[in-house]
Amino acid sequence: MFVSQSMTRKVITVAKDTPILEARALMRQHHIRHLPVVAADDHLVGIITDRDIRSVLPYKLAGGESDGQTEPDIARMTVSEVMTTTPVTISPTHTLPDALLLIQRSRVGAFPVVDEHGKLKGIISVRDLLRAFINVLGIGEPGTLLCILVENKVGQLKRIVDLITEEGISLGSVLVARYWEKDKRAVFPYLLTNNVINVKKRLREMGYTLLDPMEWYLDQLPK
Amino acid sequence: MKRTGFLYDQRFLLHDTGAHHPERAERLQAIVRGLTEAGLMSELVMITARHADMRWLQTVHSEGYIRRFEEVCLAGHRMLDCQDNQMCPDTWDAAQLAAGGTIEAARMIMAGEIDNAFCAVRPPGHHAERERAMGFCYFNNVAVAAKYLQAEWGVERIGIIDFDVHHGNGTQHMFESDPTVFYYSIHQHPSFCFPGTGREFEQGLGDGNGFTKNSPVLPGQGDETYRQLIEKDMLPLLSAFEPQFLIVSAGFDAHRDDEMADMRLTNRGFEWIIRCIVQLAETHASGKLLSVLEGGYSLERLPELAADHVRILLEG
């Protein structure tokens with residue numbers, strides 16, 4: 001649940017005086033796009049991204065092939081000339097929902113994780129958050145997703161979970177989403193089973209509507 | 001007229017999954033009834049089920065898993081690895097016979113004793129992983145047969161076509177790095193159906209990259225969508241691969257009357273699919289085709305679907 005548990009701890013970093021071509025080579029070598037810039041004692045002083053570097057490279061260099069004809073100016077350029085000096089950072093004690101909301105708001109691909117003394121502790125990227133989210137959804141495990149339409153009143157989820165328990169089925173996860181009809185909720189239980197015939201039948205007998213999969217919405221509401 | 005083999009054994013019925021499980025003995029009884037009522041039984045060459053040799057099971061399953069299955073089963077436990085895999089002490093025997101019978105069918109085809117075969121087996125196999133029972137499957141019958149064909153008969157290129165409504169995760173994983181086995185699966189989209197794999201971007205690994213192809217189908221689709229996908233994906237890719245032998249994971253649960261998933265194939269749709277596969281086998285594999293039962297849970301539809309399937313194999 002905490003950033004410290006999902007972040008990458010072994011961070012590849014550069015210093016302010018690292019040549020940008022060296023920084024670019026590091027990114028390629030490690031298949032990453034963000035390099036925190038640190039001073040002595042891992043103190044964070046900025047971040048440099050592949051986009052920052054591309055924006056200062058002439059067109060032919062940005063393309064990739066290093067032909068040995070690097071222009072001397074660019075060869076001399078250092079990280080400090082193109083880095084962002086005030087990166088958006090996050091603390092290791094912040095939560096994953098904090099990170100998700102922050103990433104949505106700030107539109108960056110990764111945050112340096114910095115402690116209260118400004119020291120770099122790790123980096124957390126969209127990729128790390130996706131991994132955590134996939135884990136939360138349980139979709140790495142074999143199972144079947146259902147979508148049940150319920151009245152928005154107390155006790156609905158209990159009835160559904162009781163039924164699933166009676167059927168001896170394990171739950172991978174349960175999502176509850178808003179539904180476009182007023183006073184309705186869409187419940188998405190992810191059942192760790194292939195065998196959904198009985199549970200579907202019994203849900204219908206209890207008066208629930210099982211939504212046609214083609215009518216499922218996770219993030220958009222009609223009209 | 002082809003010489004079509006038929007594998008069936010009463011001992012497959014002894015694999016007891018309990019009172020309310022959809023993968024039940026009545027499925028096979030329905031299939032046999034369908035073939036009998038259609039007057040097809042006398043046309044078929046009966047194949048005798050035998051226990052699979054341990055060395056063939058070990059080509060796709062770890063020894064530890066096989067031993068664990070045996071011990072858990074014979075100790076009287078009612079499930080293996082997950083609630084889905086309900087069993088009884090006879091399950092161990094049935095699973096060995098299903099895999100061994102499928103090997104025997106493959107042997108008969110290669111030896112020229114029959115042209116093709118339909119194996120009405122329980123338990124099914126395509127979800128079974130190397131180390132794990134899954135989705136009602138214990139031994140991966142189709143995968144074991146493919147390994148047998150490679151090792152014993154030197155078959156260089158094997159095509160596996162899986163039209164069960166669920167993706168055959170086990171089979172895919174067993175061959176995804178092997179460029180000599182092409183795995184094609186058409187199934188309900190994994191975001192809406194067990195087991196959650198078989199997405200379009202899963203295309204094989206390493207040397208096997210490009211030798212796995214998945215055609216996920218959105219819920220509610222039927223004959224026309226299947227036809228389009230098979231013509232776009234399966235036929236060109238498998239034709240280019242030129243398989244010397246075709247194995248089919250024949251699941252009938254994409255039928256519109258099957259409650260296990262949300263597909264809407266009709267009897268005619270299934271007929272069209274198997275005709276395409278028979279044609280592929282004729283063109284590239286001298287007709288060598290081994291069809292093995294996977295899912296299919298509508299006891300009303302199974303008799304006619306199996307009869308249609310076998311009739312097309314006989315016509316060749």
Side-chain angles (χ1 to χ4, degrees), chain A residues 127 130-131 133-149 161-175 177 186-206 208-220, chain B residues 17-24 78-79 81-86 123-124 126-129 132-137 164-170 173 187-199 216-221 251 253 257-264 294-295 297-299:
Chain A
R127 182 180 290 243
L130 276 179
R131 191 182 50 230
F133 199 52
I134 286 170
N135 190 32
V136 164
L137 287 174
I139 53 178
E141 273 285 287
T144 311
L145 191 65
L146 298 183
C147 179
I148 308 160
L149 201 56
V161 171
D162 283 349
L163 170 60
I164 291 167
T165 309
E166 280 170 32
E167 287 290 314
I169 296 171
S170 301
L171 267 174
S173 63
V174 185
L175 291 176
V187 177
F188 292 86
Y190 187 66
L191 306 177
L192 301 182
T193 180
N194 186 8
N195 183 5
V196 288
I197 291 181
N198 281 332
V199 73
K200 279 160 86 173
K201 188 165 144 257
R202 289 190 59 190
L203 283 165
R204 288 200 186 95
E205 284 166 2
M206 284 165 73
Y208 289 118
T209 304
L210 290 176
L211 270 192
D212 179 335
M214 295 305 286
E215 306 292 319
W216 294 357
Y217 290 86
L218 283 174
D219 66 343
Q220 252 180 328
Chain B
T17 51
H20 303 293
H21 202 286
E23 203 293 280
R24 50 202 302 108
R78 294 291 310 197
M79 70 173 220
D81 292 336
C82 167
Q83 198 70 29
D84 277 0
N85 311 312
Q86 293 290 317
H126 73 156
H127 294 305
E129 295 274 4
R132 179 181 182 188
M134 195 199 280
F136 324 154
C137 301
D164 188 280
V165 79
H166 308 100
H167 176 241
N169 55 288
H173 292 149
H187 45 261
Q188 183 164 327
H189 193 290
S191 290
F192 303 98
C193 195
F194 187 88
T197 52
R199 292 171 200 271
V217 191
L218 288 173
Q221 299 296 304
D253 37 8
D257 295 338
D258 199 301
E259 292 175 60
M260 194 60 105
D262 312 291
M263 302 319 306
R264 304 188 58 78
E294 301 287 357
Y297 305 94
S298 165
L299 298 177

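Per chain, numbering begins at 1; letters A, B, ... match sequence-line order.
Of the atoms belonging to A:Leu192, it is backbone heavy atoms, and not side-chain ones, that fall under 4.5 Å from chain B. Proximity to chain A is limited to the side chain of B:Cys82, based on heavy atoms less than 4.5 angstrom apart.
The most heavy-atom pairs under 4.5 Å with chain B, out of A:Gly140, A:Gly168, A:Cys147, A:Gly143, come from A:Gly143. Put simply, of B:Phe192, B:Phe194, B:Phe136, the one with the most heavy-atom pairs under 4.5 Å next to chain A is B:Phe194.
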If you check both backbone and side chains, which donor-acceptor pairs between chain A and chain B fall under 3.5 Å?
unit_1: A:Glu141; atom_1: OE1; unit_2: B:Arg132; atom_2: NH2; d: 3.4
unit_1: A:Thr193; atom_1: OG1; unit_2: B:Asp84; atom_2: OD1; d: 2.2
unit_1: A:Thr193; atom_1: OG1; unit_2: B:Asp84; atom_2: OD2; d: 3.3
unit_1: A:Asn194; atom_1: N; unit_2: B:Asp84; atom_2: OD2; d: 2.5
unit_1: A:Asn194; atom_1: OD1; unit_2: B:His166; atom_2: NE2; d: 3.0
unit_1: A:Asn198; atom_1: ND2; unit_2: B:His20; atom_2: O; d: 2.9

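B:Pro219 approaches A:Met214 most closely through the heavy-atom pair O-CG, 3.4 Å.
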